[in-house]
Amino acid sequence: MTCETLTADDAALLFTWYDRHHRDLPWRVSPPMARQGVVADPYHVWLSEVMLQQTTVQAVKAYFDKFLRLWPTVEDLAAADTDDVMKAWAGLGYYARARNLKKCAEVVARGHGGRFPDTEEGLKALPGVGAYTAAAIAAIAFNRRSAVLDGNVERVISRLYAIETPLPAAKTEMRQRVSRLTPADRPGDFAQAMMDLGATICTPKRPTCALCPFRMKCMALSSAVPETFPIKAAKKEKPVRLGAAFVAIDGADAVYLRKRPETGLLGGMTEVPGTDWSARRDGETSVDARPFVAPWESCGTITHVFTHFELRLSVYRANVADAPPAVGGWWEPIASLKRQALPTVMKKAIAKAIPHAFKPG
DNA sequence: GAGACGTGGGC
DNA sequence: TGCCCAAGTCT
């Protein structure tokens, strides 16, 4: 009953489905072109894959276009100002990706003559390129028969074989399964077909198994409730952290900003001054965190949910007529705030203090 | 292996 | 509303 390998007929079913139902995405080569041996630009594939890490296709599209417009080649990105890269990435989240993106571009441009390594091993040595991304670039941009295992493929494989082992322990077995399934011909399209299948048919909640090219041999479909796979380890609850943020406005309608440390949470991004968020104390007692002596007024609180904690931030505003000299930060006009490297949580805090700050016009 | 690391959308 | 989820990587 178990299918150790996909037969040629099964692979043909998947490719037939993909040729007909694939998603058209800006970084892709269409299946007809792919069949003629055309491969996507490695720079485009790499850029899209890094952006897509834990991020939806919908969110990535606009950022992908923007990055290609700003930096058409990997050499352009390597030559860019890191702060400009952070500004362009602002809002996409997981900011270590942006820092590693810039480092990776420098390595490729200056260490590899502007060409990406064409092997899985070489790719995995690059900053921000892990097991998945290395396999994906190798398959999609270099036609390598690498085993591409992402969240979509994990779902498809776990159901196809009704794998009972919980994630992430099951990844080793899954990778072996994928490795055996991947064909020598069109391995990049095979990977993208498996991911499209997971994204559009073999979905987490309500899979449309009737439309699946593998419906005749899916063990989860025949023996159980397919949506129970993959089995995952239990989640832990999120702690709540409290903090305060201070939005100072000078006589010229500028807000006082500063830069966060290069590493850690929101590393290298821009913020308004505030308390730290690890201590459980509120803004009333955090006199030390105020950037200036001023008549601070409370504007209420904002809540922002990070991956591993929930933040409740008390927001304060003060008008500072004679702007004190900037010490470690700078005064940024409200009109240009939207172009700064402000993470979403900081935009929320500023918008709480200055409701019109990010409104168009 | 487990925790750190963002954000927005769907139900 | 709150929880789950999205083409993971690094330490």
message: Tell me the interatomic distance from A:Lys238, atom NZ, to B:dC5, atom P, rounded to whole angstroms.
response: 13 Å

message: Over all strands shown, is A:Arg155 touching base, sugar-phosphate only, or nothing at heavy-atom distances under 4.0 angstrom?
response: sugar-phosphate

- request: Can you tell me the distance, in whole Å, between the CZ atom of A:Phe64 and the C1' atom of C:dA7?
  value: 13 Å

task: For A:Leu101 and B:dC5, give me the distance from atom CG to atom P, rounded to whole Å.
output: 20 Å

- prompt: Contact class for A:Arg99 (heavy atom, under 4.0 Å): base, sugar-phosphate, or nothing?
  reply: nothing

field: Touch class at under 4.0 angstrom, heavy-atom based, for A:Ile137 against every strand present
entry: nothing

message: Nearest whole Å is fine: how far is B:dA4 P from A:Arg241 CZ?
response: 7 Å

message: Over all strands shown, is A:Thr133 touching base, sugar-phosphate only, or nothing at heavy-atom distances under 4.0 angstrom?
response: sugar-phosphate

query: Just checking A:Val345: base, sugar-phosphate only, or nothing, at a heavy-atom cut-off of under 4.0 Å?
result: sugar-phosphate

field: C:dT11 to B:dG1 separation - C1' atoms, rounded to the nearest Å
entry: 12 Å

task: For A:Leu266, report the nucleic acid contact type (base, sugar-phosphate, nothing); a contact means any heavy atom under 4.0 Å.
output: sugar-phosphate

- prompt: Among B:dG6, C:dT9, C:dC5, which is the nearest nucleotide to the side chain of A:Lys232?
  reply: C:dC5

message: Any base atoms under 4.0 Å from A:Pro168, or only sugar-phosphate, or nothing? Heavy atoms, all strands.
response: nothing

query: With sugar-phosphate meaning primed atoms plus P, OP1 and OP2, does A:Ala131 contact a base, only sugar-phosphate, or nothing at under 4.0 Å between heavy atoms?
result: sugar-phosphate

- prompt: So, A:His304 versus A:Phe306, ring centres under 6.0 angstrom or not?
  reply: yes

- prompt: Is a donor-acceptor contact shorter than 3.5 angstrom present between the side chain of A:Thr55 and the base of B:dG6?
  reply: yes

query: NA contact type, A:Val129, heavy-atom cut-off 4.0 Å: base, sugar-phosphate, or nothing?
result: sugar-phosphate

query: Can you tell me how far P of B:dC5 sits from CZ of A:Arg97, to the nearest Å?
result: 15 Å

task: Specify the separation, in whole Å, of atom CG of A:Leu123 and atom C1' of C:dG8.
output: 15 Å

field: Between C:dA7 (P) and A:Asp189 (CG): distance, integer Å
entry: 18 Å

Tabulate atom names and distances for all N/O pairs under 3.5 angstrom spanning the protein and nucleotides 8-11 of chain B.
unit_1	atom_1	unit_2	atom_2	d
B:dG8	OP1	A:Thr344	OG1	3.3

- prompt: To the nearest Å, how far apart are A:Tyr94 OH and C:dG8 C1'?
  reply: 8 Å

statement: Comparing A:Pro127 with A:Glu49, nearest DNA chain C nucleotide closer to 5' gives the residue A:Glu49

message: Pairing donors with acceptors under 3.5 angstrom, does anything connect the side chains of A:Gln53 and A:Arg97?
response: no

query: Which part of the nucleic acid does A:Gly198 contact within heavy-atom distance under 4.0 Å: base, sugar-phosphate only, or nothing?
result: nothing

- line: Minimal heavy-atom distance between A:Leu123 and A:Ala134, with the atoms involved, is CD1-O, 3.6 Å

task: Assign A:Trp27 to base, sugar-phosphate, or nothing according to its heavy-atom contacts below 4.0 angstrom with the strands shown.
output: base

query: Does one side chain, of A:Thr16 or A:Asp19, offer a donor that lies under 3.5 Å from an acceptor on the other?
result: no

message: I want to check one thing: is the phosphate of B:dC5, taken as OP1 and OP2, less than 4.0 Å away from some side-chain N or O of A:His308?
response: yes

